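Data block below; observations after.
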Amino acid sequence: MKIYNTMTRSKEEFVPIEPGRVRMYVCGPTVYNLIHIGNARPMIFFDTVRRYFEYKNYQVNYVSNFTDVDDKIIKAAKEEGVDASVISRRYIDECRKDMAGMGIEPASTTPLATQEIDVMIRMIQTLIDKGFAYNVNGTVYYRTRKFAGYGKLSGKNIDDLRAGNRELQVTGEGEKEDPLDFVLWKPKKEGEPYWESPWSDGRPGWHIECSVMSQKYLGDEIDIHGGGEDLIFPHHENEIAQSEAATGKPFAHYWMHNAFLTIDKVKMSKSLGNFFTVRDISEKYDLQVLRFFMLSAHYRSPLNFSAELMDGAKSGLDRIVSAAVRLSELNEQKEADGSVLSDEDKQTADAFVSKFETAMEDDFNTADAISAVFEMVRYINASLNESSSQAVLSYYHDRLEALCEVLGINTSVREELLDADIEAMIEERQAARKARNFARADEIRRELQDKGILLEDTKEGVKWKKA
Ligand code: AMP
Ligand code: ZN
């Protein structure tokens with residue numbers, strides 16, 4: 001499997017630290033508002049990466065945090081006159097709802113920054129002890145020039161650097177030894193949440209959070225670290241400086257970054273105001289459509305949001321789901337016929353699967369993987385029907401389901417009978433009985449039974465319940 005590593009700017013063969021296991025950390029959202037669909041891009045993409053590894057039988061330890069203490073959260077809390085934790089808890093809950101709608105499996109661990117402050121204090125202390133950090137009047141700074149590899153991820157030359165725009169704003173910039181030094185700990189301001197530390201009552205900087213949560217839940221060295229490409233500098237560069245200085249070991253072996261979701265070719269962001277929240281989109285579309293739309297482009301290409309592309313994604317998704325549902329029905333209706341899969345049928349089916357896997361193994365090319373699924377769907381629609389053998393139907397059914405599972409496409413929701421469908425079938429059965437077509441009536445009863453619906457003929461009419 002090949003992964004494009006931002007560190008080396010090339011596709012590299014994936015070699016896990018431990019065979020059969022993947023340790024992966026992805027920077028999560030800052031929770032002060034509903035997430036927008038730009039934030040959803042890394043969530044959907046890295047969920048798919050995780051799903052593909054699982055499909056390949058890797059055991060994936062996937063950690064993705066919530067940044068629940070930050071200037072923007074504090075600002076929102078002040079505006080509403082509530083505690084910062086009220087804001088962060090509310091938007092963590094809302095974010096989880098959005099994620100569920102988009103078919104994103106919860107990470108193995110979703111740590112909250114505010115629950116890990118003691119570990120952050122310990123790492124900051126280690127950095128001070130090793131000479132990589134210093135305290136000035138209660139603010140602790142990282143001594144950037146002391147870390148020899150600084151700039152290796154972003155490819156920046158340390159002498160050309162300026163402090164990044166996501167740096168925490170602190171009073172007394174002048175107290176830093178060097179303008180490149182960044183904050184690890186800063187003292188509280190009046191009315192802000194704070195924790196006690198050896199240096200001041202205050203709170204951690206943003207970068208130290210991820211170094212600490214990654215180390216705590218995944219160990220000193222991890223396989224994959226991911227996020228949007230805006231995080232390469234300074235966030236991930238600073239994470240590397242912190243983690244590698246603290247442990248003396250290489251931090252992440254593969255750095256993966258998704259390109260931006262844009263609107264009119266401009267990065268979608270809260271600050272520019274050119275965003276749709278996931279919630280906005282959910283009013284118009286099933287969030288599965290949003291997921292499918294995101295995966296229809298390669299993650300390292302910018303993706304421009306448009307209603308046309310979303311509508312295209314919707315019809316593409318419908319095509320796949322309809323084929324899966326039809327196949328599932330054909331498969332269920334088929335009696336056991338003792339058929340055996342022919343070599344030819346197996347090869348034909350496996351060729352679609354192998355095309356899908358080849359695409360995914362080439363740096364997670366979900367766009368090409370989806371094309372392989374479409375090819376398979378075209379074949380299923382054209383060539384499989386009631387007269388196909390049970391062996392063929394079930395083989396295709398299982399393969400298609402497995403590929404949909406990797407993409408996070410949920411076919412089972414639509415397979416489930418709606419109450420209206422059940423009522424319609426019951427009516428048809430009543431009509432068949434009236435017409436003394438008992439064979440058809442029994443057939444309908446059996447069909448319903450197969451779908452877990454039990455019928456009961458009572459004096460008041462037919463009643464049904466789910467088995
Ligand atoms: P934030 O809450 O701004 O820290 O962002 C959370 C995640 O969303 C990070 O991985 C960002 O890189 C990513 N992100 C934010 N905006 C976009 C966008 N327009 N396109 C793709 N990813 C984004
Ligand atoms: Zn991070």
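First listed ligand is number 1; within each ligand, the first listed atom is number 1. A quick note: this is a predicted structure, and the numbers were derived from the prediction, not measured. Counting begins at 1 with the first residue of the sequence. Reckoned from all heavy atoms, side chains included, excluding hydrogens, waters and symmetry mates.
Close approach to P42 involves these atoms of ligand 1, each under 4.0 Å from a residue heavy atom: 8 (O), 10 (O), 13 (C), 22 (N). Below 4.0 Å from some heavy atom of D230 lie the following atoms of ligand 1, by number and element: 11 (C), 12 (O). Set against the non-hydrogen atoms of H36, the atoms of ligand 1 under 4.0 Å away are 16 (N). Residue M268 approaches ligand 1 through these ligand atoms, each under 4.0 Å from one of its heavy atoms: 16 (N), 18 (C), 19 (N).
Counting only heavy atoms from C-beta outward, the side chains of T30 and K270 never approach each other to under 4.5 Å.
Annotation: Y299 is not in aromatic contact with F364 [ring centroid separation under 6.0 Å not met]. With ring centers used as reference points, F305 lies under 6.0 Å from F293.
The residue from N258, T30, L261, N39 that puts a heavy atom closest to atom 15 (C) of ligand 1 is N39. Comparing heavy-atom distances from atom 14 (N) of ligand 1 across G28, G38, S271, G228 singles out G38 as nearest.
The shortest heavy-atom distance from K270 to ligand 1 is not under 4.0 Å. Ligand 1 has at least one atom lying under 4.0 Å from a heavy atom of A259.
Under the salt bridge (Lys or Arg N to Asp or Glu O under 4.0 Å) criterion, the residue pairs touching residues 98-125 are R50-E105, R51-E105, D98-R279, E116-K216, with sequence neighbours excluded. The stretch residues 56-103 participates, sequence neighbours left out, in these ring-ring contact (aromatic ring centres under 6.0 Å, His included) pairs: F53-Y58.
The backbone N or O of V321 lies less than 3.5 Å from no partner atom in the side chain of T411, so there is not a single donor-acceptor pair.
Under 4.0 angstrom from ligand 1, there are no non-hydrogen atoms of S269.
E239 contributes atom OE2 as its closest N/O/S atom to the Zn ion (ligand 2).
Under the 6.0 Å distance and 45° angle rule, R378 does not count as a cation-pi partner of F374. With Y4 as the aromatic partner, R300 meets the cation-pi criteria of under 6.0 angstrom to the ring centre and within 45 degrees of the ring axis.
Among the backbone and side-chain atoms of H235, an N, O or S atom lies under 2.8 Å from the Zn ion (ligand 2).
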